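I have placed the structure first, in the form of C-alpha cells, so that the comments after it can refer back to it.
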Protein chains: 2
Amino acid sequence: MSSNSGDGTRQVLRNVRPMGGAACDFVIDGARIAERLPAGTADATLPTLLDGAGALALPPLVEAHTHLDKTLWGQPWRPNSAGPTRADRIANEQRILRDFPVPVTQRAAALLEHCAALGSLHVRSHVDVQLEWGLRHVREMLALREAWRDRVSIELVAFPQGGLLVRPGVAELMEEAMALGCDIVGGIDPAAIDRDPIRHLETVFGLARDHDRGVDIHLHDPGELGRWQIERICDFTESHARQGRVMISHAYCLGSFAPAEICALADRLAALGISIMSCAPPHVSVPPLGLLRAWGVNCCSGSDGIRDLWSPMGNGDMLERARLIAMRFGWSRDEDLAGALDIVTQGGARALGISGYGLETGCAASFVLVSAETVGEAVVSHPVPRAVIAHGRVLVPRPSFGSAGASSRAAS
Amino acid sequence: MSSNSGDGTRQVLRNVRPMGGAACDFVIDGARIAERLPAGTADATLPTLLDGAGALALPPLVEAHTHLDKTLWGQPWRPNSAGPTRADRIANEQRILRDFPVPVTQRAAALLEHCAALGSLHVRSHVDVQLEWGLRHVREMLALREAWRDRVSIELVAFPQGGLLVRPGVAELMEEAMALGCDIVGGIDPAAIDRDPIRHLETVFGLARDHDRGVDIHLHDPGELGRWQIERICDFTESHARQGRVMISHAYCLGSFAPAEICALADRLAALGISIMSCAPPHVSVPPLGLLRAWGVNCCSGSDGIRDLWSPMGNGDMLERARLIAMRFGWSRDEDLAGALDIVTQGGARALGISGYGLETGCAASFVLVSAETVGEAVVSHPVPRAVIAHGRVLVPRPSFGSAGASSRAAS
C-alpha cells in the first residue's frame with residue numbers, strides 16, 4: 001500500500017479510544033499497527049504520531065458507491081436542470097458534462113480531498129463509459145487513482161451509464177476500459193435500460209471472467225422485475241464463478257417485499273457473497289439492511305452522486321451516512337447505531353475486498369478520530385473536524401480535540 | 001417583543017443577501033426593519049450592527065414541534081433503553097424522567113441555547129402534563145419562556161403524553177396548565193391512546209374554547225383510523241370556531257393514501273386553516289408536503305425529540321431539517337429546495353401566528369446569516385456557524401464569514 005510499510009519507523013498514536021472503548025496507545029511500525037497497548041503505556045521515547053487526547057478512534061470510512069467523475073464539487077451552485085425521469089437525467093448529464101470546462105481530474109480531486117478529510121480512505125467510484133466522451137473519464141480517473149494511491153485506495157468501476165447494449169460501441173469501450181485498468185465491471189438495469197437482461201448479464205459477467213474482475217450492477221428496476229434480475233445475477237455469479245466479488249447497488253426492489261418473500265433470496269445472496277449497497281435514500285423503497293445483515297448478507301453504503309447534475313444532495317460524509325441509514329430504519333438503540341457504523345466501515349471493507357482493514361494488530365495504521373463519547377454518539381453527531389491517519393501518516397492533523405465528548409455537551 | 005422596539009436606536013445590518021438575492025443593507029430601528037436598501041447605500045454614519053460580508057440572510061427558523069422538557073441535551077451519552085412500542089417509550093420515559101437529577105430548566109435551557117445559535121428564534125414546545133410529575137414541567141417551562149422572551153419566542157403546548165382520559169386526573173391538570181399560562185391545548189391519538197376519540201376531542205377543543213387558545217394534536221394513528229380522526233378534528237375546528245388555530249402534528253396517515261383519496265380532506269384542511277406539522281421522518285409514511293402545499297394547506301416542521309429517551313437522533317437544526325424534508329421527497333430543483341425552506345420559516349410562522357415575521361420593512365429585525373450562494377445551497381449545506389440577530393440585537397456574532405459561498409468551494 002505504502003512505501004513506508006514495515007520499514008521500522010516506529011511511532012505512537014497516543015490516547016485514543018478504539019470504537020469508544022478503553023483508551024489505548026497504538027504503536028505503529030511503518031504503515032501497520034504493531035501493538036495496541038493501554039493508554040500511557042507505550043514507550044515514551046518513541047515519537048508521537050498524534051496525541052488523540054481521548055478521541056474516539058474508528059477504522060477508515062468506506063465510500064462504497066459514488067461517481068467522482070460526475071461531481072461539480074468546488075464549482076458555483078448550479079440549479080438542478082434535469083427532467084423527472086432517469087432517461088431525462090442521463091441525457092441532461094451527457095449534454096452538460098460532454099463540454100464541461102472544468103476537467104474531471106480537477107473536480108474529482110477537489111471532492112476526494114473533501115472525502116478524505118472526513119475519513120473516507122477507501123472509495124469505489126463508478127466512471128462513465130459512454131459514447132459522448134468515450135474513455136476520457138476513465139483515463140482521467142485512472143490518473144487520479146495513481147496520484148492518490150498512498151492516501152486513498154480507489155476502485156474504479158467501468159460504468160455504462162447510458163446503457164451497454166442499446167448503444168452500439170459501448171461494449172467495446174467497456175472492454176477497453178477494463179484493459180486500461182479499471183477494477184470492476186459495471187452494469188445498469190439489464191431490463192429497463194438495456195432491455196435484454198440476459199445478454200446484458202452475459203456481457204458484464206463475461207468481461208469480468210475474461211479480466212478476472214468483480215461486478216457491480218446498478219439495479220433501480222422495481223418490484224418483481226427487480227427481484228427476478230437479482231435471481232439472475234445470482235445465477236451468473238455461480239456460472240461465472242464470481243462468488244464474493246459481486247455487488248448489487250441500490251436494489252430498491254428488495255424494499256418492496258415482506259421479509260418472508262425474500263428470505264430464500266437473501267440466503268442465496270449470503271451464500272454467494274454478493275454484497276448489497278444501499279445509500280438508504282428516504283424517498284424510495286430500500287433493501288431492509290437490518291434483516292439482510294441478520295441473514296448474513298454483507299451490506300455497505302455510499303454517497304452516490306455528490307453535488308452533481310442528478311442532485312445537489314450528496315456530501316461525501318460516510319459517518320453522516322451511517323446516521324441517515326439509522327434514521328431510514330428508525331434505529332435508536334446503541335447496537336443498531338453500531339450496525340449502521342459497521343455498514344460504512346467493515347461492510348464496505350468486505351465488499352471492496354480490502355485486506356488488513358481494522359483496528360487490530362497487523363492491520364493498516366489508518367484511523368479516523370472523532371470527538372464523541374460512544375459509537376452511538378459518533379453516528380448521531382458525526383462530528384467534524386476529524387483527524388485522519390492513512391497508512392501511518394497523518395493526512396488531516398488536528399492540534400487538539402479539547403475535551404472529547406458530546407456535541408450536545410460542547411454546545412451546552 | 002423587545003424593550004428596544006422602535007426606540008429610535010438606528011443601526012445597520014450591512015451587506016447581506018436576503019434569500020440569496022442582491023446584496024442589501026437593512027436599516028434597523030430598535031427591534032424593527034426600518035429600511036431595506038441596496039448594499040453600500042445606507043447612511044455610513046449610522047452604527048453597524050453587523051457586517052454580513054455578503055452572507056445569505058434568512059428570516060429566523062421556526063421550530064414548530066419539539067419537546068424541550070424531555071431533552072437530555074448536555075448530558076452524558078445514554079444508550080436508548082425504550083422498548084419497541086409507543087406505550088413502552090412512554091412508560092420508560094415516565095420512569096426515568098420522574099426522578100431525573102438534572103432539572104428541566106437546566107436541560108431545556110442548554111438546548112434552547114443550541115437551537116438559538118442555529119437560528120431557531122420561534123419555538124413551539126410540547127410540555128408533558130401527566131400524573132407522574134403533575135405540573136412541574138409546566139411551571140419550569142413557563143419560567144424558561146419568560147427568561148428567554150427577548151431572544152426566542154416560545155409557545156408552550158400542554159401535552160397529555162400518557163393520555164388525557166385514560167388516566168383520571170390528567171384533564172384537571174390540563175385545565176390548570178392552561179390557567180397557569182400555556183399557549184396551546186395539546187392532544188394525543190384520540191383513538192389509540194385515549195380510546196374514546198370524540199370525548200378526547202370534546203375535552204381538548206372545550207379547553208381551547210374556554211381559554212381562547214389554539215389546539216395541537218399528536219396524531220400517530222395510521223391509515224383509515226388516522227384519516228377518520230383528521231375529519232373529526234376538522235368538525236371540531238368548525239364547531240368550536242378554532243379556524244386558523246389548529247395544528248395536527250405528524251399525521252402519518254396522510255402518507256398512506258393516493259392523492260385522489262385525500263384531496264377533499266386537503267381542501268377542508270386548507271379552508272379551515274389547519275396546519276400540518278411533519279418532521280418528515282424517513283422510516284414511516286409521512287404527509288405529502290408538496291401536494292398539501294399545492295392544495296393550500298399550511299405545512300410546518302420541527303425536530304420533535306432532541307437527544308431524549310425516545311431517540312438520540314434530533315439535533316435542533318431546522319435548516320438541516322429543510323434538507324431532510326427535501327431528501328424525504330426526493331426534491332432536487334431550486335424551487336423545491338426553496339419550498340423546503342419555506343416550510344421551516346414562513347410555514348412555521350403562519351402556523352404559530354407570528355406577527356411581523358419576514359425580511360420586509362416593518363418586520364422584526366431578526367435574521368439568520370449563513371455562508372451560502374443560494375437558498376438551494378443553504379438547504380443542501382445547512383452551513384454552520386451562523387450569525388443570528390434577534391429583534392435588532394446580535395444574539396450570535398460572527399466576526400467574518402470570509403468569502404461567503406459553497407461548502408463545496410471552501411473545501412476544495
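Since the structure is predicted, the reported quantities are computational estimates derived from the model, not experimental observations. Order of the sequence lines sets the chain letters (A, B, ...), proteins ahead of strands, with each chain counted from 1.
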Residues B/Arg86, B/Glu93: salt bridge by 4.0 Å N-O rule | no
Under 3.5 Å side-chain donor-acceptor pair for B/Asn92 and B/Ser81 | yes
Pick one of side chain, backbone, both or neither for B/Ala117, based on which atoms fall under 4.5 Å of a heavy atom in chain A.
-> neither
When rounded to the nearest 0.5 Å, the distance separating CE of B/Met327 from SG of A/Cys279 is 9.5 Å
Given that the side chain runs from C-beta out, which part of A/Ala109 has a heavy atom under 4.5 Å from chain B: side chain, backbone, both or neither?
-> neither
Quick one: what part of B/Leu337 sits under 4.5 Å from any heavy atom of chain A, side chain, backbone, both or neither?
-> side chain
Looking at B/Arg333, B/His283, B/Arg107, which one has more heavy-atom pairs under 4.5 Å with chain A than the rest?
-> B/His283
Relative to chain B, which segment of A/Leu324 carries a heavy atom at a distance below 4.5 Å: side chain, backbone, both, or neither?
-> side chain
Under 4.5 Å to a heavy atom of chain B? For A/Pro281 that would be neither
Heavy-atom distance under 4.5 Å to chain A: side chain of B/Ser311, backbone, both or neither?
-> both
Using a strict 4.0 Å threshold on nitrogen-to-oxygen distance, state whether A/Glu377 and B/Arg307 make a salt bridge.
-> yes
Polar side chain donor-acceptor pair, B/His218 to B/Ser249, under 3.5 angstrom | no
Give, as side chain, backbone, both or neither, the part of A/Thr71 having an atom under 4.5 angstrom from any heavy atom of chain B.
-> neither
Presence of salt bridge, A/Asp308 and A/Arg89, under 4.0 angstrom = no
Please flag which part of A/Arg323 lies under 4.5 Å from any non-hydrogen atom of chain B: side chain, backbone, both or neither.
-> both
To the nearest 0.5 Å, tell me how far B/Ile306 CD1 sits from B/Glu63 CD.
-> 5.0 Å
